[in-house]
Q: 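Encoded as structure tokens, here's the structure I'll be asking about.
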Amino acid sequence: MNPIQETLREIRKEFFAFRNGIVADKLRKAGDPHSMIMGCMLVDISGITARVRETIGDTGQLTAIACELWSDTNSRECRLAAPMLYPAELMTLELASAWCETVETVEVADNLCHKLLRLLSEADALFRLLIAQDKPLVKYTGYRLLMNLIILGKITPSPSLKALAQADAHQPMLSQLIKEILEESDE
């Protein structure tokens, strides 16, 4: 077994060790689309990925591991771990956009934005690309990224940006997030 496959096996074993049946059942009942849900808490997934980062210093291997985890669309924990491992300095706008196109839950979108996308040098261009999309979860990911960038002080909302957000505020998935963005903008 090659080192990347061995690391992936170890990560999955740790997910199993941190499984939480109560959380997993609640996620299933709430409609989480993943067929494999361990119910791991984000803090546990973060701990697992931190240990992997410490063990593997090679960014090429981290990139390969993160891509393998991201490609496992059946596993909630794999989808949450991938952005924690992918080196931000190696993520391209094209790959980030492709990842956003495959986001399947709000939880995955929030984590992707917080753990990876907000760190990208092209985050401003990425959020603009995403909010122009018609797919609700892609658009949500764009606005979640915008919120992260506003909080970090990387973007100061302009009147035109506020108007754009207000135009999308009627969409049920976006209404609360856009309300928060507009409130944050007014502070």
Side-chain angles (χ1 to χ4, degrees), residues 1-92 94-120 123 126-127 130 135-145 147-148 151 173 176-177:
M1 188 175 296
N2 72 40
I4 292 171
Q5 292 303 317
E6 181 65 28
T7 302
L8 289 165
R9 191 176 69 74
E10 290 299 317
I11 290 170
R12 287 186 170 94
K13 278 175 51 178
E14 286 200 62
F15 291 158
F16 187 78
F18 283 100
R19 73 191 181 283
N20 182 325
I22 294 168
V23 171
D25 287 344
K26 286 184 179 184
L27 287 166
R28 280 186 198 92
K29 286 178 183 169
D32 190 298
H34 301 103
S35 58
M36 172 101 37
I37 303 171
M38 294 289 172
C40 296
M41 305 300 284
L42 277 176
V43 67
D44 296 326
I45 297 170
S46 187
I48 292 166
T49 58
R51 286 189 291 282
V52 170
R53 280 183 161 282
E54 289 173 13
T55 306
I56 300 174
D58 178 75
T59 56
Q61 283 187 349
L62 284 174
T63 300
I65 292 165
C67 286
E68 285 291 325
L69 290 169
W70 187 259
S71 70
D72 188 351
T73 57
N74 294 320
S75 170
R76 170 187 174 264
E77 283 70 20
C78 287
R79 297 290 278 185
L80 295 173
M84 297 178 190
L85 286 174
Y86 202 102
E89 66 276 8
L90 299 180
M91 177 61 75
T92 65
E94 293 76 21
L95 184 58
S97 180
W99 277 28
C100 293
E101 289 283 333
T102 64
V103 165
E104 63 274 48
T105 66
V106 167
E107 180 187 34
V108 170
D110 291 348
N111 185 67
L112 177 61
C113 290
H114 182 73
K115 296 296 184 178
L116 180 60
L117 300 182
R118 70 187 185 133
L119 306 173
L120 303 181
L126 180 60
F127 98 78
L130 298 175
K135 295 180 185 173
L137 270 170
V138 175
K139 190 177 283 279
Y140 174 90
T141 306
Y143 279 111
R144 176 53 69 188
L145 178 55
M147 180 67 156
N148 275 267
I151 290 170
M173 180 180 287
Q176 182 60 38
L177 177 56

Q: Under the rule for side chain to side chain contact (heavy atoms under 4.5 Å, CB included), what residues qualify as partners of Thr55, not counting sequence neighbours?
A: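 In terms of side chain to side chain contact (heavy atoms under 4.5 Å, CB included), with neighbours along the sequence ignored, Thr55 is linked to no residue.
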Q: Going by salt bridge (charged side-chain N to carboxylate O under 4.0 Å, His left out), name the residues that satisfy it together with Asp110, two or more places apart in sequence or in a different chain.
A: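 Testing Asp110 for salt bridge (charged side-chain N to carboxylate O under 4.0 Å, His left out), a comparison that skips the adjacent residues, returns Arg144.
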Q: For His34, does its backbone N or O pair with a side-chain atom of Glu104 as donor and acceptor, under 3.5 Å?
A: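 Such a contact is absent between Glu104 side chain and His34 backbone.
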Q: List the residues meeting side chain to side chain contact (heavy atoms under 4.5 Å, CB included) with Asn20, not counting sequence neighbours, and say none if there are none.
A: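 Applying side chain to side chain contact (heavy atoms under 4.5 Å, CB included) to Asn20 gives Ile22, Val23.
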Q: What is the distance from atom CG of Asn148 to atom SG of Cys113, rounded to the nearest 0.5 Å?
A: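 So the gap between those two atoms works out to 6.0 Å.
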Q: Using a 3.5 Å cut-off and no angle test, enumerate the donor-acceptor pairs between side-chain atoms of residues 57-65 and protein atoms at least two apart in sequence or in another chain.
A:
{"residue": "Asp58", "atom": "OD2", "partner": "Gly60", "partner atom": "N", "Å": "3.2"}
{"residue": "Asp58", "atom": "OD2", "partner": "Gln61", "partner atom": "N", "Å": "2.7"}
{"residue": "Thr63", "atom": "OG1", "partner": "Thr59", "partner atom": "O", "Å": "2.7"}

Q: For the residue pair Tyr86 and Leu116, what are the closest heavy atoms and their distance?
A: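 Distance-wise, the nearest heavy atoms are O-CD1, 3.4 Å.
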Q: With a 4.5 Å cut-off on side-chain heavy atoms, are Asn111 and Met84 touching?
A: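 SC-SC contact between Met84 and Asn111 confirmed.
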Q: Apply salt bridge (charged side-chain N to carboxylate O under 4.0 Å, His left out) to Glu89 and list each qualifying residue two or more places apart in sequence or on a separate chain.
A: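 Glu89: no salt bridge (charged side-chain N to carboxylate O under 4.0 Å, His left out) contacts found.
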Q: Using a 4.5 Å cut-off on heavy atoms from C-beta on, say whether the side chain of Leu69 contacts that of Ile11.
A: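 Contact flag for Ile11/Leu69 side chains = yes.
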Q: Working to the nearest 0.5 angstrom, can you tell me the gap between Thr49 OG1 and Glu77 CD?
A: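 Rounded to the nearest 0.5 Å, the OG1-CD separation comes out at 12.5 Å.
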Q: Grab the two heavy atoms, one from Ala123 and one from Leu117, that are nearest each other, plus how far apart they are.
A: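 Here Ala123 and Leu117 meet closest at CB-O, 3.4 Å.
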Q: Is any side-chain heavy atom of Leu130 closer than 4.5 Å to one of Lys139?
A: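 No - every pair of side-chain heavy atoms lies 4.5 Å or more apart.
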Q: Could you tell me if the side chain of Glu10 sits less than 4.5 Å from the side chain of Thr7, heavy atoms only?
A: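 A side-chain contact is absent here, since even the closest heavy-atom pair is not under 4.5 Å.
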Q: Nearest 0.5 Å please: distance from the SG atom of Cys100 over to the CG atom of Leu137.
A: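 Answer rounded to 0.5 Å: 10.5 Å.
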Q: Counting distance only, does the side-chain N/O of Arg118 pair as donor-acceptor with the main-chain N or O of Leu145 below 3.5 Å?
A: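 Absent.
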Q: Please name all residues satisfying salt bridge (charged side-chain N to carboxylate O under 4.0 Å, His left out) with Arg9, sequence neighbours left out, ordered by chain then number.
A: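 Scan of Arg9 (salt bridge (charged side-chain N to carboxylate O under 4.0 Å, His left out), adjacent residues dropped) gives Glu6.
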Q: Please enumerate all residues that pass side chain to side chain donor-acceptor pair (under 3.5 Å) together with Glu54, with sequence neighbours excluded.
A: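 Side chain to side chain donor-acceptor pair (under 3.5 Å) check on Glu54 returns nothing, list empty.
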Q: Hey, could you give me each pair passing ring pair (Phe, Tyr, Trp, His ring centres under 6.0 Å) that has a residue in residues 9-31? Not counting sequence neighbours.
A: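 Residue pairs with at least one partner in residues 9-31: there are none.
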Q: For Glu101, what residues pass the side chain to side chain contact (heavy atoms under 4.5 Å, CB included) criterion, not counting sequence neighbours?
A: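 For Glu101 the side chain to side chain contact (heavy atoms under 4.5 Å, CB included) partners, ignoring immediate neighbours, are Gln133, Lys135, Val138.
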Q: With sequence neighbours left out, write down each residue that passes side chain to side chain donor-acceptor pair (under 3.5 Å) with Trp99, or none if nothing qualifies.
A: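 Side chain to side chain donor-acceptor pair (under 3.5 Å) list for Trp99, sorted by chain: empty.
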Q: So how far is it from Met91 CE to Leu95 CG, rounded to the nearest 0.5 Å?
A: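 Reported to 0.5 Å precision, the distance equals 4.0 Å.
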Q: Tell me, please, which residues at least two apart from Ala109 pass side chain to side chain contact (heavy atoms under 4.5 Å, CB included).
A: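 Counting only residues at least two positions away or on another chain, Ala109 forms a side chain to side chain contact (heavy atoms under 4.5 Å, CB included) with Val103, Tyr140, Thr141.
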Q: Please check if the side chain of Ser97 supplies one atom and the backbone of Glu94 the other of a donor-acceptor pair under 3.5 Å.
A: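 Answer holds: no.
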Q: Closer than 4.0 angstrom, basic N to acidic O: yes or no for Glu107 and Arg79?
A: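 Looking at Arg79 together with Glu107, the answer is no, because their closest N to O distance does not fall below 4.0 Å.
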Q: Could you tell me which non-hydrogen atom of Ala82 sits nearest to which non-hydrogen atom of Ala66, and how far apart they are?
A: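 Result for this residue pair: CB-O, 3.3 Å.
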Q: Looking at CE of Met38 and CD1 of Ile45, how far apart are the two atoms once the value is rounded to the nearest 0.5 Å?
A: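 It is 11.0 Å, given to the nearest 0.5 Å.
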Q: With sequence neighbours excluded, tell me which residues meet salt bridge (charged side-chain N to carboxylate O under 4.0 Å, His left out) with Arg12.
A: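 Arg12 satisfies salt bridge (charged side-chain N to carboxylate O under 4.0 Å, His left out) with Asp72 only.
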Q: Mind checking the OG-CG spacing from Ser75 to Leu80? Nearest 0.5 Å is all I need.
A: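 Atom-to-atom, Ser75:OG and Leu80:CG are 8.0 Å apart.
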Q: Can you name the nearest heavy-atom pair linking Ala24 to Ile37, along with the distance?
A: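 Distance-wise, the nearest heavy atoms are CB-O, 3.5 Å.
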